[in-house]
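What follows is a set of notes on a single structure, which appears directly below.
A quick note: this is a predicted structure, and the numbers were derived from the prediction, not measured.
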Amino acid sequence: QVQLVESGGGLVQPGGSLRLSCAASGGIVRINDMGWYRQAPGKERELVATITRSGATTYTDSVKGRFTISRDNAKNTVFLQMNSLKPEDTAVYYCNAEALVSLLSGRVEGVWGQGTLVTVSS
């Protein structure tokens with residue numbers, strides 16, 4: 001029953017910025033790791049960035065220094081600040097989260113958002 005909803009995608013010029021957000025809802029005890037993935041036309045889905053509940057982050061090499069992942073644990077939300085955008089960043093961006101859904105059993109579920117399109121073009 002856990003759902004992730006992404007927002008913030010759109011059309012931006014090269015060198016511009018966008019901020020994506022992903023909010024989790026529905027029967028969540030706690031969100032553990034969260035991440036952003038993207039899939040460009042004709043390419044495989046790739047991992048862009050991850051963040052643990054405590055705030056430790058990782059990035060794929062192509063976005064280091066340009067993208068920043070962050071989260072608000074109180075709101076079960078993860079963000080992706082994208083600066084200095086390039087045409088090759090054009091893709092559908094997906095949020096992923098590992099959600100603890102039962103404190104009694106310790107059951108966790110991996111959940112995907114529906115995706116938000118980012119287009120970088122002049």
Can you see which heavy atom on [X] is nearest to which on [Y], and at what distance?
X: R71; Y: N73; result: NE-OD1, 2.6 Å
X: I51; Y: S70; result: CD1-CA, 3.8 Å
X: S21; Y: T77; result: CB-CG2, 4.5 Å
X: S17; Y: N83; result: OG-OD1, 2.9 Å
X: I31; Y: A99; result: CD1-CB, 3.7 Å

Rounded to the nearest 0.5 Å, what separation is found between the [atom1] atom of [X] and the [atom2] atom of [Y]?
X: Y94; Y: R38; atom1: OH; atom2: CZ; result: 13.5 Å
X: F79; Y: D72; atom1: CZ; atom2: CG; result: 6.0 Å
X: Y59; Y: L80; atom1: OH; atom2: CG; result: 7.5 Å
X: L4; Y: N96; atom1: CG; atom2: CG; result: 7.5 Å
X: T58; Y: I69; atom1: OG1; atom2: CD1; result: 7.5 Å
X: S7; Y: Q114; atom1: OG; atom2: CD; result: 8.5 Å

Could you check V12 against M82 for side chain to side chain contact (heavy atoms under 4.5 Å, CB included), going step by step and ending with a plain yes or no? CA-CA 11 Å; V12 65; M82 304 184 295; over 6 Å; no
In the single-linkage hydrophobic clustering (I, L, V, M, F, W, Y; side-chain heavy atoms under 4.5 Å), do [X] and [Y] co-cluster?
X: V63; Y: V92; value: no
X: V111; Y: V78; value: yes
X: V108; Y: L103; value: yes
X: W36; Y: V2; value: yes

Apply side chain to side chain contact (heavy atoms under 4.5 Å, CB included) to residues C95 and W112 and explain how you reach the verdict. CA-CA 6 Å; C95 178; W112 289 92; over 6 Å; no
Using the rule side-chain contact (heavy atoms from CB on, under 4.5 Å), only one of R53, R30, E109, R107 pairs with L100; which is it?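 Only one of R53, R30, E109, R107 forms a side-chain contact (heavy atoms from CB on, under 4.5 Å) with L100, namely R30.
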Between K64 and D61, is the closest basic N to carboxylate O distance under 4.0 Å?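 Looking at K64 together with D61, the answer is yes, because their closest N to O distance falls below 4.0 Å.
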Step by step, work out the side chain to side chain contact (heavy atoms under 4.5 Å, CB included) result for L20 and E6. CA-CA 7 Å; L20 307 182; E6 300 103 331; over 6 Å; no
Before giving the answer on side chain to side chain contact (heavy atoms under 4.5 Å, CB included), spell out for L85 and F67 the whole-Å C-alpha distance, their side-chain angles and the decisive distance to 0.1 Å. CA-CA 9 Å; L85 283 162; F67 291 11; 3.9 Å; yes
Can you check side chain to side chain donor-acceptor pair (under 3.5 Å) on T119 and S121, steps first, answer last? CA-CA 6 Å; T119 302; S121 176; over 6 Å; no
